[in-house]
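Residue numbers count from 1 along this sequence. Bear in mind that the values here come from a model prediction, so they are computed numbers and not experimental data.
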Amino acid sequence: MTVKLDYKWHLREVMATRGMFSTTDLRPLLAERGINLSASQVYRLVVETPERLNLKVLMALLDILGCSMDDLIEPVAAGRLRAKKAADGTETTGVGAFRPKRARTVGPS
């Protein structure tokens with residue numbers, strides 16, 4: 001069986017260790033390196049895990065933050081959420097007591 005890999009994106013944490021706490025701090029620094037992204041693109045780059053990333057953007061981030069790719073990208077094994085059968089035959093996904101309860105409607109009195 002092959003192991004599927006995933007990754008964790010640590011841009012926000014690395015920025016915080018460098019004293020950059022706002023996504024707007026990053027935009028002019030990227031522009032100095034020829035990377036012109038909109039404010040929303042920079043925001044998504046910082047707060048979300050990117051599915052695709054231009055290598056020029058990655059190299060600019062490494063230069064700006066003075067870090068390596070290992071600091072930004074952490075490979076992890078992709079975990080699968082397996083459904084378990086409960087004693088009553090229903091399937092649970094491991095959320096235990098946090099499973100939603102079905103609402104009961106009561107007719108007019």
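F21 and Y43 are members of different hydrophobic clusters when ILVMFWY side chains are connected at heavy-atom separations under 4.5 Å. Clustering ILVMFWY residues whenever any of their side-chain heavy atoms sit less than 4.5 angstrom apart, transitively, puts V76 in a cluster other than the one holding V14.
Annotation: side chain of M59 is in contact with side chain of L62 (closest heavy-atom distance under 4.5 Å). Two residues are said to be in side-chain contact when any heavy atoms from C-beta on lie closer than 4.5 Å; L26 and L30 meet this criterion.
When all heavy atoms of R18 and C67 are compared, the closest pair comes out as NH2-CB, 3.4 Å. Residues A77 and L5 approach most closely at CA-CD2, 4.3 Å, considering heavy atoms. The minimum heavy-atom distance between M15 and L65, with the atom names listed, is CG-CD2, 4.1 Å. Taking all atoms of both residues into account, the shortest heavy-atom contact from P28 to D25 is CD-O, 3.7 Å. For the residue pair L45 and W9, the shortest heavy atom distance occurs at O-NE1, 2.8 Å.
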Quiz prompt | Step-by-step side chain to side chain contact (heavy atoms under 4.5 Å, CB included) determination, L29 to R33 | solution = CA-CA 7 Å; L29 298 172; R33 289 157 179 84; 4.1 Å; yes
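Distance CE/M69 to CG/L61: 12.0 Å, rounded to 0.5 Å. For the atom pair OG1 (T23) and CZ (R12), the distance works out to 7.0 Å, reported to the nearest 0.5 Å.
Under the 3.5 Å distance criterion, the side-chain polar atoms of R27 are left unmatched by any main-chain donor or acceptor of V42. Of the possible polar contacts, one joining the Q41 side chain to the S38 backbone as a donor-acceptor pair under 3.5 Å is found.
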